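The block underneath contains the structure these notes are about, expressed in structure tokens.
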Amino acid sequence: MSLLHNTNGILKGGGATSTKAKHAVLWFRNNLRVSDNAIFHHPSVKSAEKVTPVYIFDPRQFQITDYGSRKTGKFRAEFLIESVSDLRQSLKKMGSELSIFQGRPEDVFAKISGPDSVIVCQEEVTYEELQVDKMVEKCLKRITGSTEGPKLLKVWDGTLYHPDDLFFDIDKVPEPFTKMRNEIERKRGGAEVRPVFPTPDLSNTQKASGSLEDVPSLESLGFTKEELEMKADSRGVMKFIGGETEAFKRVDHFTNAALKTYKKTRNGMIGADYSSKYSPWLAHGCISPRTIYWKTREYEDSHGGQTVDTYWLIFELIWRDFFKFFCVKHGNSVFYEGGPRNVKRNWSRDRKLIDAWKEGRTGVPFVDANMRELLKTGFMSNRGRQNVASYLVHDLGVDWRYGADHFESLLLDHDVCSNYGNWVAAAGLTGGRINRFNMTKQANDYDKEGKFVKLWCPELKSLPSKSVHSPWQLSSSDQSRYGVMLGADYPNPIKAPAQYSYAGRDNKNNNRNGKFKKAKNFRGKGRVHRGRNQDFYTS
């Protein structure tokens with residue numbers, strides 16, 4: 001079977017509408033690639049006399065949020081700049097050019113569009129992006145002086161499954177995730193993944209006047225001297241470089257070197273190949289989920305068929321779809337304090353607790369190690385994300401939106417649907433099971449010898465593995481013996497880590513006051529559930 005897409009069905013769903021225009025503007029957003037990109041194949045693009053590929057650095061994406069974070073932090077901004085630069089080089093090799101602007105999209109399009117122009121982009125589904133769409137549409141109506149015919153044309157892309165190929169409407173996606181997965185995998189033999197799109201013909205492209213000669217610098221995007229001096233820590237799992245070229249390198253490397261053990265190693269904490277690390281490139285659209293799917297299928301064809309490892313990798317791609325559909329279904333409520341179910345909670349907004357969590361100073365080593373890794377590299381494992389989220393909302397009782405905002409700022413692989421969908425679920429606001437993690441047990445399960453904690457909390461490196469995850473249990477004499485004085489060398493816990501059952505039931509014996517007895521309903525020998533409502537990224 002050919003893996004190339006038949007473009008006849010591109011107008012199905014996603015709001016895509018065909019209209020004839022002399023000038024088509026290709027607006028790149030979170031789809032920074034040439035390969036398997038639906039916007040190149042929209043009929044209005046293929047019939048246009050001239051085509052202008054455009055990327056816009058919107059200053060609103062780099063401002064300080066109401067929660068105190070830079071919306072796009074330095075590490076992600078660097079990855080974005082690299083991705084846009086790589087896209088520009090790819091287009092040049094094809095005889096085209098990427099027009100780069102810095103400004104608000106509605107202002108840019110007011111300058112480069114005319115009455116005969118249409119703008120084609122990938123469809124987005126969340127509030128801020130949809131607000132920008134509305135402002136762009138208003139701008140285009142002012143230019144044409146007419147309300148006839150669509151001028152902003154949206155194409156559905158960026159998911160593994162196209163909505164038209166599913167057995168349910170995405171605004172009614174089955175919940176929790178397991179129900180959706182069962183619908184996709186079992187009903188009528190399973191939904192099909194579409195083939196990839198062919199390489200586009202870009203012979204009729206034209207650069208927009210007034211565009212930048214090069215990508216903006218971090219300085220021009222507003223980063224401070226202190227931010228600019230911050231370098232990625234060498235202890236990080238790997239060096240992430242943005243762009244489609246690097247995305248394909250990573251997929252080829254992981255498929256050949258580590259896919260065969262993925263299921264066994266995917267909950268690791270140290271090193272490049274315990275998991276795929278595809279998520280930064282997927283989040284920026286440097287590679288499509290379909291491309292990864294079909295490359296995995298090719299691996300299966302040459303290795304005797306599907307394995308538990310290949311199944312679990314595709315499983316992670318389905319999680320991404322779930323959260324995008326989840327955001328379509330629930331709309332703005334995903335961002336509300338009470339979530340889709342409007343749950344009333346008395347959240348804390350104590351800046352001391354929030355800052356200690358952000359900076360890795362909670363006094364709980366497994367939390368602190370993960371938060372320091374995020375702060376210094378822009379990355380954190382899926383296992384780490386679930387735990388630090390649980391700790392913030394359930395142990396510290398902090399408003400979950402501070403956590404989601406922090407992740408949005410720092411994560412290289414921030415994807416609005418996956419990030420906020422996971423956080424609102426972690427906070428127990430979606431009606432599903434509440435996953436409250438036992439930090440000490442999780443640490444002993446996934447970092448048994450304490451190597452990860454000692455890597456990021458070197459002040460604890462002298463502690464034996466049996467004590468490194470719970471230093472608060474050390475006597476004064478043991479603290480002196482190991483040279484780790486709590487309150488001086490390493491913080492005392494700001495709040496005692498609660499001992500929850502993996503099933504997520506409320507625990508009335510949390511012992512937050514310091515005795516740290518095992519809770520009566522904690523299943524110490526059972527596995528900690530991975531969380532049917534959570535999966536922070538394609539790991």
Side-chain angles (χ1 to χ4, degrees), residues 9-18 29-31 38-39 42 120-137 150 152-188 190-194 282-283 285 288-290 315-343 400-401 404 415-433 532-536 538:
I10 193 171
L11 298 182
K12 292 183 178 180
T17 307
S18 180
R29 302 169 90 175
N30 295 317
N31 56 333
I39 65 170
H42 191 286
V120 182
C121 66
Q122 176 176 296
E123 183 166 8
E124 301 295 336
V125 302
T126 45
Y127 176 76
E128 291 180 356
E129 292 75 14
L130 294 177
Q131 288 298 108
V132 173
D133 290 354
K134 289 180 180 179
M135 289 184 278
V136 169
E137 288 171 333
L152 178 64
L153 309 179
K154 305 177 187 179
V155 179
W156 185 273
D157 205 4
T159 53
L160 180 62
Y161 293 101
H162 193 286
D164 289 346
D165 301 330
L166 297 173
F167 310 121
F168 52 83
D169 295 329
I170 61 173
D171 60 355
K172 297 181 178 64
V173 59
E175 295 180 58
F177 167 76
T178 301
K179 287 186 178 180
M180 188 198 83
R181 178 174 60 85
N182 289 342
E183 284 284 305
I184 287 174
E185 292 183 345
R186 298 176 187 173
K187 199 167 185 178
R188 298 208 299 265
E192 292 187 1
V193 175
R194 293 185 177 187
L282 281 166
S288 73
R290 287 187 299 268
F315 180 90
E316 296 295 331
L317 295 175
I318 300 174
W319 265 109
R320 292 183 75 258
D321 283 11
F322 172 75
F323 281 115
K324 190 157 190 176
F325 302 157
F326 178 87
C327 286
V328 172
K329 178 178 181 178
H330 293 291
N332 295 345
S333 68
V334 173
F335 307 101
Y336 294 166
E337 179 180 339
R341 297 300 181 96
N342 195 26
V343 179
W400 67 274
R401 294 172 298 174
D415 169 89
V416 61
C417 297
S418 293
N419 184 43
Y420 281 86
N422 268 293
W423 270 100
V424 76
L429 307 177
T430 61
R433 165 164 44 201
R532 292 184 182 178
N533 297 332
Q534 291 176 251
D535 192 89
F536 267 95
T538 304

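Start at 1 with the first residue, then count along the sequence. What you see is a predicted model; the values in this text were computed from it and never measured.
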Fill in: Crowding at CZ, Arg341 (>12 non-hydrogen neighbours, <6.0 Å)
no
Worksheet, complete the sentence: What one should report as the nearest heavy-atom pair of Val424 and Gly339 is CG2-CA, 3.6 Å
Discussion item. Does Gln131 have more than 12 heavy atoms from other residues, nucleotides or ligands lying within 6.0 Å of its CD?
Written reply: yes
Worksheet item: Does any non-hydrogen side-chain atom of Val155 lie less than 4.5 Å from one of Gln122?
Response: no
Fill in: Test item: Arg401 and Glu337 side chains (from C-beta on) under 4.5 Å apart, heavy atoms
yes
Item to complete: Compute the centroid of each ring, for Phe177 and then for Phe315, and state whether the two points are separated by less than 6.0 Å.
Response: yes
Worksheet entry | Arg320 side chain near Leu160 side chain, heavy-atom distance below 4.5 Å | no
Worksheet, complete the sentence: All heavy atoms of Ile184 vs all of Leu166, minimum pair found to be CG1-CD2, 3.9 Å
Worksheet item: Out of Leu152, Asn30, Val136, which one pairs with Cys121 under the side chain to side chain contact (heavy atoms under 4.5 Å, CB included) rule?
Response: Leu152
Discussion item. Salt bridge (Lys or Arg N to Asp or Glu O under 4.0 Å) for Lys154 and Asp133? Distances and angles first, verdict last.
Written reply: CA-CA 10 Å; Lys154 305 177 187 179; Asp133 290 354; 3.0 Å; yes
Worksheet item: Aromatic rings Phe322 and Phe326: how do their planes relate, parallel, tilted or perpendicular, breaks at 30° and 60°?
Response: tilted
Worksheet entry | From Thr126 atom OG1 to Glu128 atom CD, the distance as rounded to the nearest 0.5 Å | 7.5 Å
Worksheet item: Which atom pair, heavy atoms only, marks the closest approach of Gly421 to Val334?
Response: N-CG1, 4.2 Å
Response to the item:
Taking every heavy atom of Gly428 against every heavy atom of Val343, the minimum-distance pair comes out as O-CG2, 4.3 Å
Discussion item. With heavy-atom distances below 4.5 Å as the criterion, would you say the side chains of Cys327 and Tyr420 are in contact?
Written reply: no
Worksheet item: Are the charged groups of Arg29 and Glu129 less than 4.0 angstrom apart, N to O?
Response: no
Practice prompt. Flag the pair Lys324 and Asp415 as a salt bridge only when some basic side-chain nitrogen lies within less than 4.0 angstrom of an acidic carboxylate oxygen.
Written response: no
Discussion item. For a side-chain hydrogen bond (donor to acceptor under 3.5 Å, both in side chains) check, start with the C-alpha distance between His330 and Glu175, then their side-chain angles and the critical distance, and finish with the verdict.
Written reply: CA-CA 11 Å; His330 293 291; Glu175 295 180 58; 2.6 Å; yes
Practice prompt. Taking all heavy atoms of Pro163 and all of Ile170, pick out the closest pair and write down the distance.
Written response: CB-CG2, 3.9 Å
Worksheet item: Is there side-chain contact between Ser333 and Asn342, with heavy atoms separated by less than 4.5 Å?
Response: no
Worksheet item: Between NZ of Lys172 and CG of Asp169, what distance do you get to the nearest 0.5 Å?
Response: 5.0 Å
Worksheet item: Are the charged groups of Asp157 and Arg290 less than 4.0 angstrom apart, N to O?
Response: yes
Fill in: Flag side-chain contact, heavy atom, 4.5 Å: Glu185 against Met180
no
Practice prompt. Supply the atom-to-atom distance Phe167 CZ to Glu183 CD, rounded to the nearest 0.5 angstrom.
Written response: 8.0 Å
Item to complete: Decide side chain to side chain contact (heavy atoms under 4.5 Å, CB included) for Val328 and Val173; before the verdict, give the C-alpha distance in whole Å, the side-chain angles of both, and the deciding distance to 0.1 Å.
Response: CA-CA 9 Å; Val328 172; Val173 59; over 6 Å; no
Fill in: Pair Tyr127 + Phe335: ring centers closer than 6.0 Å
no
Discussion item. For a quick test of reading the model, state the closest non-hydrogen atom pair linking Tyr161 to Asp321 and the distance between them.
Written reply: N-OD2, 2.9 Å
Practice prompt. For the residue pair Leu130 and Val125, establish whether any side-chain heavy-atom pair is separated by less than 4.5 Å.
Written response: no
Worksheet entry | Candidate pair Phe325 and Thr159, rule side chain to side chain contact (heavy atoms under 4.5 Å, CB included), full reasoning | CA-CA 9 Å; Phe325 302 157; Thr159 53; 4.2 Å; yes
Discussion item. Quick check against the 3.5 Å criterion: does Lys179 have a side-chain atom that pairs as donor or acceptor with the backbone of Pro174?
Written reply: no
Worksheet item: Is the closest side-chain heavy-atom distance between Arg194 and Asp164 below 4.5 Å?
Response: yes
